[in-house]
Amino acid sequence: MQLLLIASVLFTACCAAPQDLSGKIFTFPVESNVARARLQPSGNNFTSATVCLRFFTDLTRGYSLFSTASSASNNDLSIEANKGLFVFTRAKVSRFNGLPDKPNTWYSICTTWDSNSGLAQVWINGNPSTRKLGFKGNLDGELNIVLGQEQDAVDGGFDAKQSFVGMITDVHMWDYVLSACEIQRFANDLNFTPGNVINWRALDFTIVGDVVIEDSQRNGCFH
Ligand SMILES: *[C@@H]1O[C@H](CO)[C@@H](O)[C@H](O)[C@H]1NC(C)=O
Ligand SMILES: [Ca+2]
């Protein structure tokens, strides 16, 4: 009986049904080295990828927008802002300068990476950056994906001064490079093909610490 109970608790913890978070946001209301959302990707061993999300913050220091760690690298497919945007692909850093970074504004950001050319690119509100060299090779192994904290170890090594404070929504990841047209559809909130690796409309995630799931205010009256 007791064993059965434990088994069913474990089952619930491991396999909670994915949730449709359409119209919802993750609010990170406090600077900490704990608060985070862990996202469970479908699949592994990626030869290319696109990550898109929307965010709002008033931080003027550096912060992590999307942190991936694996046994191969603590900066596996990661996006950080720190007077410029930094995209990491298996510890290879590509730096993008001069992109808009005004505080207290909703931004849409998409990052693409392709292992053949190694090229990474960032799109802010549907506008492209320069294309820069990143990692040439597969992102294999299990990826641990975290919002709100920057990993210096798999789900660990957090630093409050790199934490994200603000709101994040519409997080999607694909195992291919999205076309410019699809990226602009995402940026403009038109119909787009949801992520096949991470899908905000069927999100498999775990919250740790102060992260609040609430209705989006992003579109005001026009939901
Ligand atoms: C990843 O995929 C490549 C083919 O793209 C394959 O050669 C390699 O063995 C795979 N690695 C793992 C760890 O499965
Ligand atoms: Ca770090």
Side-chain angles (χ1 to χ4, degrees), residues 10-19 36-53 64-80 85-96 109-123 128-159 162 168 170-186 192-208:
L10 281 177
F11 183 76
T12 317
C14 96
C15 308
Q19 285 184 47
R36 62 193 184 278
R38 296 181 64 185
L39 311 184
Q40 182 64 46
S42 331
N44 53 31
N45 202 0
F46 300 106
T47 55
S48 51
T50 302
V51 173
C52 291
L53 57 86
S64 173
L65 273 174
F66 188 92
S67 171
T68 301
S70 71
S71 55
S73 166
N74 296 328
N75 292 312
D76 224 351
L77 174 56
S78 301
I79 309 167
E80 285 173 33
L85 270 170
F86 297 79
V87 173
F88 296 86
T89 42
R90 194 140 285 183
K92 267 296 258 183
V93 60
S94 317
R95 179 182 184 146
F96 300 93
I109 178 170
C110 291
T111 296
T112 69
W113 161 80
D114 167 63
S115 65
N116 258 323
S117 62
L119 293 182
Q121 186 169 32
V122 173
W123 296 71
S129 72
T130 303
R131 291 159 72 76
K132 298 268 179 91
L133 193 61
F135 177 64
K136 284 189 178 185
N138 287 24
L139 294 186
D140 56 10
E142 260 194 54
L143 303 184
N144 191 67
I145 300 176
V146 168
L147 304 177
Q149 299 291 332
E150 204 278 314
Q151 303 175 88
D152 276 351
V154 173
D155 200 39
F158 305 133
D159 174 359
Q162 291 181 293
I168 292 181
D170 291 343
V171 185
H172 290 269
M173 178 170 166
W174 298 259
D175 62 0
Y176 54 91
V177 173
L178 255 62
S179 69
C181 180
E182 277 285 326
I183 288 172
Q184 283 167 357
R185 296 186 70 81
F186 174 85
F192 59 90
T193 308
N196 61 347
V197 177
I198 292 171
N199 178 358
W200 190 252
R201 299 172 202 163
L203 197 68
D204 193 348
F205 69 101
T206 316
I207 297 289
V208 185

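We count ligands from 1, going down the list as the structure has it; atoms in each ligand are counted the same way. Numbers here simply count residues along the sequence, with the first being 1. Since this is a predicted model, take the numbers as computed values, not measurements.
Evaluation of the side chain to side chain donor-acceptor pair (under 3.5 Å) rule for N199 yields no partner, not counting sequence neighbours.
Although no hydrogens or angles enter the test, the distance criterion places a donor-acceptor pair under 3.5 Å between the side chain of Q151 and the main chain of N144. Remark: the backbone N or O of N74 is not paired with any side-chain donor or acceptor of D152 at under 3.5 angstrom.
Using a 30° and 60° split on the angle between ring planes, W113 and F135 fall in the parallel class, below 30°.
In this structure, R201 is positioned above the aromatic face of F192, its NZ or CZ under 6.0 Å from the six-membered ring centre and within 45° of the axis.
For the atom pair CZ of F205 and CH2 of W200, the computed distance is 7.5 Å after rounding to the nearest 0.5 Å.
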Which N/O atoms of ligand 1 sit under 3.5 Å from a protein N/O, and at what distances?
unit_1, atom_1, unit_2, atom_2, d
ligand 1, 2 (O), N45, OD1, 3.4
ligand 1, 2 (O), N45, ND2, 2.4
ligand 1, 2 (O), N138, ND2, 3.2
ligand 1, 5 (O), N138, ND2, 3.2
ligand 1, 11 (N), N45, ND2, 3.0
ligand 1, 14 (O), N45, ND2, 3.3

